[in-house]
Colleague: 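Mind looking over this structure? Questions follow.
Every chain is numbered from 1 and lettered A, B, ... according to where its sequence line falls, protein lines coming before strand lines. The model shown is predicted, which means the values in this text are computed figures rather than measured ones. Computed from heavy atoms alone, side chains included, the values below leave out hydrogens, waters and symmetry copies.
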Amino acid sequence: MKLVYFAWVRERIGKPEEEIDLPASVRTIGDLMTYLTGRGEEYAYAFENAKVIRAAIDKTHVKPDTAIAGAREIAFFPPMTGG
Amino acid sequence: MKLVYFAWVRERIGKPEEEIDLPASVRTIGDLMTYLTGRGEEYAYAFENAKVIRAAIDKTHVKPDTAIAGAREIAFFPPMTGG
Amino acid sequence: MTVRLQPEDFDIGAEISALTAGRTDVGAIATFTGICRGAEGVTAMTLEHYPGMAEAEIERHVAEAQSRWPLAGVTVIHRFGRFSPGENIVLVVATSSHREAAFAAAEFLMDYLKVSAPFWKKEERAGGDDGWVEARHTDAVAAQRWAADKPEAAE
Amino acid sequence: MTVRLQPEDFDIGAEISALTAGRTDVGAIATFTGICRGAEGVTAMTLEHYPGMAEAEIERHVAEAQSRWPLAGVTVIHRFGRFSPGENIVLVVATSSHREAAFAAAEFLMDYLKVSAPFWKKEERAGGDDGWVEARHTDAVAAQRWAADKPEAAE
């Protein structure tokens with residue numbers, strides 16, 4: 001599974017992307033955020049206010065309860081500020 | 001008193017402007033339209049549907065019941081279609 | 001505020017540059033360009049206006065827009081004369097720090113130009129069936145909405 | 001539909017010409033340009049984006065705008081990279097036969113770009129107090145209004 005991070009999520013985790021193997025118990029975007037939070041203090045910092053973090057699966061916006069099965073690329077990022 | 005006409009009001013009356021002396025009984029824009037209607041068939045044609053005709057006194061929109069006393073220039077024209 | 005009535009064409013890029021050059025407080029530019037259409041057999045259009053009153057009416061509504069929204073600048077250019085399909089007729093440019101004000105001012109000015117500025121369009125049509133354009137009821141409705149609307153608070 | 005993400009600047013006049021050249025059915029062009037502001041001590045801004053997803057999100061909303069309003073053409077250009085105050089950031093151009101559709105589509109697209117397209121702004125401020133721009137609540141509200149709005153009938 002490829003994970004990609006943007007803006008201050010990327011800065012807090014300290015890398016723009018990574019490949020990761022997930023245990024079968026991680027089924028949803030919400031599960032994945034919880035799992036990542038336990039990987040180290042940089043992840044805990046990035047996800048400390050998990051409810052503001054947005055996610056995308058294969059470049060489409062998804063909600064925290066979305067299943068991640070079959071995803072090739074999952075992205076986490078703050079609320080968008082383009083335009 | 002100077003009268004000016006635009007668009008199909010001008011075309012129907014057959015002139016863009018004219019100077020006219022008004023009897024004292026013509027007090028409002030509505031009176032003036034009625035008066036002009038009696039001046040000939042070209043005026044009667046121009047003002048046949050008087051309620052759609054717009055008027056301006058000294059280049060400011062006015063309503064039919066507006067008094068014309070003191071006006072230098074009175075304009076009659078159809079609903080506007082600019083923009 | 002820049003208000004111009006002219007037979008000549010205008011350059012949208014140049015008008016935008018005139019409103020933004022040398023300043024860094026403009027975050028949003030909304031523009032509207034009205035163009036002579038060739039629909040329904042129209043081969044040309046003549047725009048008649050009431051000199052003096054047209055400028056005054058537009059300036060009055062630009063001042064009203066400036067009092068309703070926090071605008072950095074406004075430019076309105078309205079052409080008069082005879083036009084072929086595809087030619088520019090009217091330009092409104094509104095600049096502000098945020099987009100809400102720029103969009104609202106541009107729409108407000110176009111709505112009022114349509115119903116309040118003394119311009120009249122006469123179309124030439126294939127087959128010689130020329131005629132004055134009739135005012136659209138929807139334009140009157142569009143203008144009326146601003147009478148009720150309160151402008152949103154500036155940010 | 002033209003959607004471009006690029007570091008390079010854009011030319012509003014050229015983008016308008018590309019949508020209108022050789023056709024006489026366009027009566028209305030609405031544009032919006034977003035510019036990097038120098039307010040509150042901002043000396044520069046960096047725009048980060050999610051390549052691939054940003055294009056897809058914008059294209060999805062342009063298609064949605066085309067289904068809501070009778071549009072002749074739409075162009076969206078969003079720059080990424082580092083910008084100084086006064087530089088162009090985003091351009092939306094919407095053309096139609098009538099102004100209501102052009103204005104509505106341009107506003108709709110800007111509202112959705114703000115809240116849904118994966119871009120993030122980081123400001124550099126005088127004194128070294130750099131920081132990511134926070135999403136504005138008013139932008140979320142602006143986008144939500146389209147969920148309830150039905151488009152007006154085409155004329």
Colleague: With a 4.5 Å cut-off on heavy-atom pairs, point out which of D:Ala117, D:Ala56, D:Gly34, D:Gly131 contacts chain A the most.
Modeller: D:Ala117
Colleague: More than 12 heavy atoms of other residues, nucleotides or ligands under 6.0 Å from CD of D:Gln6: yes or no?
Modeller: yes
Colleague: Look up atom CD in A:Glu11 and atom CD in D:Glu48, then write down how far apart they are to the nearest 0.5 Å.
Modeller: 7.5 Å
Colleague: Heavy-atom pairs under 4.5 Å with chain A are the metric here; pick the option from D:His49, D:Met53, D:Arg60 that has the most.
Modeller: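 Result: the option with the highest number of such pairs is D:Met53.
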Colleague: Heavy-atom distances under 4.5 Å only: say whether D:Ser116 touches chain A with side chain, backbone, both or neither.
Modeller: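 Both parts, backbone and side chain.
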Colleague: Output the residues of residues 39-78 of chain A for which the shortest heavy-atom distance to chain D is under 4.5 Å, in residue-number order; output 'none' if no such residue exists.
Modeller: A:Ala56, A:Lys59, A:Thr60, A:His61, A:Glu73, A:Ala75, A:Phe77, A:Pro78
Colleague: Shorter than 4.5 Å, heavy atoms on both sides: which option in D:Phe32, D:Tyr50, D:Phe119 has the most such pairs with chain A?
Modeller: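 The candidate making the most pairs under 4.5 Å is D:Tyr50.
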Colleague: More than 12 heavy atoms of other residues, nucleotides or ligands under 6.0 Å from CZ of D:Arg125: is that the case?
Modeller: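 Atom CZ in D:Arg125 is crowded, with more than 12 foreign heavy atoms closer than 6.0 Å.
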Colleague: Is the side chain of D:His78 donor-acceptor paired with the backbone N or O of A:Gly83 at a distance under 3.5 Å, no angle test?
Modeller: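 Checking the backbone N and O of A:Gly83 against the side chain of D:His78, a donor-acceptor pair under 3.5 Å is found.
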Colleague: Can you say whether D:Lys114 sits under 4.5 Å from chain A via the side chain, the backbone, both, or neither, judging by heavy atoms?
Modeller: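 Both backbone and side chain of D:Lys114 come within 4.5 Å of chain A.
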Colleague: Pick one of side chain, backbone, both or neither for D:Glu57, based on which atoms fall under 4.5 Å of a heavy atom in chain A.
Modeller: side chain
Colleague: Excluding sequence neighbours, so at least two apart, what forms side chain to side chain contact (heavy atoms under 4.5 Å, CB included) with A:Thr81?
Modeller: D:Trp120, D:Lys121, D:Val133, D:Ala135
